[in-house]
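Report on the following structure.
Naming convention: chains lettered A, B, ... in sequence-line order (proteins, then strands); numbering from 1 in each chain.
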Amino acid sequence: MASDQSPEFKVIGTRPVRPDGVDKVTGRAKYGADYTLPGMLHGKVLRSPHAHARIRSIDVARALRLPGVKAIVTGADFPEVKGVMAQVGELIVNTHYLSLNVMARDKALYDGHAVAAGAATSKHIAEEALELIEVDYEALPPVMTAEEAMRPDAPVLLEELRTRLMAHRTDPGALEGPDRASNVPGHIRFERGDLDAGFRAADYVVEREFTTATVHQGYIEPQNALAVYDADEHLTIYCSTQGSFNVRTLTASVLAMSEGKIRVVPAEIGGGFGGKTTVYLEPVAALLAKKSGRPVKMVMTRAEVLRATGPTSGIKAKVKIGARRDGKITAAEVWLAYEAGAFPGSPFAPGAMCTLAPYIIENLRIDSYDVVVNRPKVAAYRAPGSPASAFACECVLDELAEKCRLDPIEFRMRNAAHEGAPQPAGPAFKKIGFAETLAAIRDSDHYRTPLNGPFRGRGVASGFWFNGGLQSSAIVNIHGDGSVSVVTGSVDIGGTRAAQAMIVAETLGIAVDEVRPVVADTDAIGHTDVTGGSRTALATGMAVYEASRDARDQLIGRAAKIWDKKPDEVVFEQGVFRPVDGSAPSLNLRQLAGRLARTGGPVVGRATVNAGAVGAVGNAFATVCIDVEVDPDTAKVRILRCTIAQDVGRALHPAYVEGQLQGAVAQGVGWALNEEYFYDQKGTLRNFGLLDYRMPTCLDLPMIETIMVEVPNPNHPLGVRGVGEVGIVPPMAAVASAIYRAVGVRMAELPMSAPRLLKAIIENRVTTFDAQATAAK
Amino acid sequence: MHAITYETPKSLDEAVKLMAAHGEKARALSGGTDLLIQLRAGTRRPEYVVNIKNIPELTRISFSLQHGLKLGAAVPCIEIHENGDMRKYYPGLTEAAHLIGSLQIQSRASVGGNLCNGSPAADATPALIALGAQARVVGPKGERMVPVESFCLAPGRTVLQPGELLVEFHIPAPERRASDAYLRFIPRNEMDIAVVGVGAALTLDMSDDRVVAARIALGAVGPTPILAAEAAKSLIGKPLDAAAIDNAARLAIAASSPIDDMRGTAEFRRHVVGVLTRRTLAKAAERARE
Ligand SMILES: Cc1cc2nc3c(=O)[nH]c(=O)nc-3n(C[C@H](O)[C@H](O)[C@H](O)COP(=O)(O)OP(=O)(O)OC[C@H]3O[C@@H](n4cnc5c(N)ncnc54)[C@H](O)[C@@H]3O)c2cc1C
């Protein structure tokens, strides 16, 4: 394991208690649902029971007559919004469809789609009011999977959609094929080299098809919003979100308001994993507040979260990869279809750009499609797009490694991308640590310990994620006694307050508990993009670093003023300011802070950064090794041991970095084994609770061992890379390979739940038996 | 959710009167771990909720080797697990109760609630059936005893008439060289619902180890928990060897009538009925021989 602390640093690399920790574990921290205001109403959403239906009419008269009901809104209350492509964290959002997702107009497009909402003096009255709203639906045939939706005769979800070949993620591109309504609004292609020649050069070619299920982020805290209008028409929204500025922008666009009239106050957040980067309730609560003249609070139930917020795409994948006997990959052809849910905008492009990115492949073609289906519109989920496509390709690589009689790590090593190697989408990698993660697993205690016993198997797989850069702002205030506050717009999900306080403490040479990190609302700090894309410690950290340096430089200037020197005649070292020539006694920050009033007033360090487009800022790689044991009679899979090695650049707070790695792997294991949306024939979601939407509990996972590989990011002043996402990419393929080694079947469908796996085991037994019988003859 | 009147009777008499007075509008509240969820979801809409946790007959465990067990319908599962006699003489029922939910759930949830809720997947029910438990039901028209295997009629429906309360279970005293076991298949390792559950109780002959008595019950593989009578009968008088166990497992599969749903396919469930029948019988036999 990399040493916790580099000699360059005093604070970075240590493990102080997080500043928000005590409030969170004692229940004092205020989450979205904890906010209340005098005179507040409770809002509830009426949701479509149909997966696909035309809304002929909505009659709210009876609901409005119920005592206690103060306002009802339907699609008719929302302004028409033109389609504008807005970047929201890692995803591109079409604001027209966002508006239709927030409240259906003439069509309900999935089970759970919002069709009306009511506000009343109590939650129960609001719920009763919904029962009195009469919606006249004309049910239409639902289209539930990418495969169905892509058929030429499939019912059409949105008449205006055409298939377009995208030139770029944000550019809808030119029409592809006939000018006809289509459920496939996007196609993107990456290619290079000569596929035929590549496959001809291969000694082995493996061609397989894969399916993955729709899965949800599974954050603990349901979405919530509390909206209140001031007398002067300013709207304030309190909510749990990963991006308060995104909530402001998106709410403004859905309600056709000026952003200047909206203030978003981010609450503490009970998880998001990408799912809280868009809006659902915020514009609805705002409209209800406007209509009723009272504050309106809305909190989703778990069922609403599962039915109506964005999970990530299920995909269909076809993969063909060839390799020479020595393990060199010669060609790869990949076809991917991502289910976007009811509106365009699945992570089909990043999915295509990430799969196979860890490898140098000269002859390559990747096609990826965005497909609308009657499911909730997907939202970001940890490394959006990458896990599903990686599952497909990594499984095929495992099979090729076996054909080449190579250890799966050695096979990957022989093809591993390094600095300067081209990514599938074209650009060359900067300094990356992929091979280092492979080496770390190869040399780990886990990998070197043989796995013995029947029905046990070990699998490894790797994964790639870009990491986000984007914009952040930070302010560093020096108080009169030398303590400091650092203000950012980044909601703290994974311990980023701690990381920010540590960066300030390191830069100003003070103790970390002298720094108070504050998350400000959208009127109190400059624009800051979402806490997502693994960007917060990285990009907001960069802004905090620059703002601390700004404060430090100003402080040097003040000291120079006191000593009547030029700034470059003052040095700052080990937390003290002193004149180079030793002509005066040195000052520590506390002493200097006491003299700010007389040297020009307060010192406020500021910085804003654009840390770069997604991917330009220090990519992440991880390799995971998983041991499983399979009950051969029930096909239940037990995870015996699990290790992740990830290039983390530099671990600011190693414990929280480890936590990110472990959390990502835990979600990946859930995705591998049990998590899936289960729809019935009519397109109704059946498992809208956490009993039947099965995420792993702590009894389902061993302690996840982490190896933090530190290959510093050259684009970051502290070497930080994003660490929050890539760990979720490899586990599904690692589990599949481990299952193969345990019971001899290669699973091509997620989740690898017991009924599916048992069927495969039994079929395999029959086939093996037949083969043996034939051989015996 | 609508307004509800909440009652806390202190005696069985008082409870029976309340239940009788409100009939269909009343529901008993034991641990509430099923009922509260149903109230919230609006799938049950009683006007009166009658807390039965303060009634002595419903909240006690009394056991003797002569008279067997009287288990109060509202005893929390965790008390069953903490009771030494229960663990020793009815380990199968105890492990079933101890599988329900989590420690928090078990501190509220009762075996009576598990049965009265009428779920085919209720974990304690196959264990009760395997032990030959009888349910003592008291209502406006008096008292009756109902064998547990006849208690459930359909998912969510039981023999209980409006106003009736389940008071306790009567379970025969354990024979010598007898024991029970309960196993279930769940996709995860806790906080899950049985995809298949199998309870078995066995009595083995003192001298030649042949099966003297056997009962096998299945959960989650039909609209109600199922007594697999043929499977159990096939074992009587035989040594419990692999062939006998396989045969019983085959008959248990034949007794099951599972469906495809989100928790598993019918095909999977049938297969697992066989697997768990074998394992449960082996476990019960091992315990009986101890
Ligand atoms: C998180 C969680 C996990 C769970 N895990 C499991 C599990 O692993 N296995 C499992 O089988 N179940 C599980 N359950 C379901 C539930 O906990 C059990 O069914 C439990 O045994 C119900 O008992 P209770 O005392 O809470 O019943 P209650 O909810 O109080 O009652 C259930 C029903 O029975 C009626 N009732 C109760 N007692 C009587 C009586 N004496 N006379 C007449 N009617 C009565 C009530 O009116 C109600 O309709 C779980 C529930 C939760 C919330």
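Highest contact tally toward chain B, considering only Thr301(A), Leu690(A), Asp631(A), is held by Asp631(A) [criterion: heavy-atom pairs under 4.5 Å]. In terms of heavy-atom pairs under 4.5 Å with chain A, the best-connected choice from Val195(B), Asp192(B), Ile193(B), Val272(B) is Asp192(B). Contact count versus chain B (heavy atoms, under 4.5 Å) is highest, among Lys636(A), Arg756(A), Arg686(A), Arg638(A), for Lys636(A).
Both the backbone and the side chain of Leu691(A) have a heavy atom closer than 4.5 Å to some heavy atom of chain B. Using a 4.5 Å cut-off between heavy atoms, Ser753(A) does not touch chain B at all. For Asn687(A), the parts lying near chain B are the backbone and the side chain together; criterion is any non-hydrogen pair under 4.5 Å.
Formation of a donor-acceptor pair under 3.5 Å by the Arg188(B) side chain with backbone atoms of Met695(A) is found in this model.
Note that CG of Asn189(B) and CG of Leu701(A) are 9.5 Å apart. Values are rounded to the nearest 0.5 Å.
Applying the side-chain contact (heavy atoms from CB on, under 4.5 Å) test between Met262(B) and each of Tyr679(A), Phe678(A), Tyr677(A), Tyr693(A) identifies Phe678(A) as the sole match.
With a 6.0 Å radius and a threshold of 12 heavy atoms from other residues, nucleotides or ligands, Phe688(A) has its CZ atom at or below the threshold. Annotation for Lys238(B): atom NZ counts as buried by contact number, over 12 foreign heavy atoms lying within 6.0 Å. The local environment of CD1 in Ile220(A) is sparse, with at most 12 non-hydrogen atoms from other residues, nucleotides or ligands closer than 6.0 Å.
Shortest non-hydrogen contact noted between Pro755(A) and Gly264(B) is CG-CA, 3.9 Å.
Using a 4.0 Å cut-off between a side-chain N of Lys or Arg and a carboxylate O of Asp or Glu, Glu676(A) and Arg263(B) do not qualify as a salt bridge. For Arg279(B) and Asp633(A), the salt-bridge test passes: some basic side-chain N is under 4.0 Å from an acidic carboxylate O.
Taking the ring axis of Phe268(B) as reference, the NZ or CZ atom of Lys759(A) does not stay both within 45° of it and closer than 6.0 Å to the ring centre.
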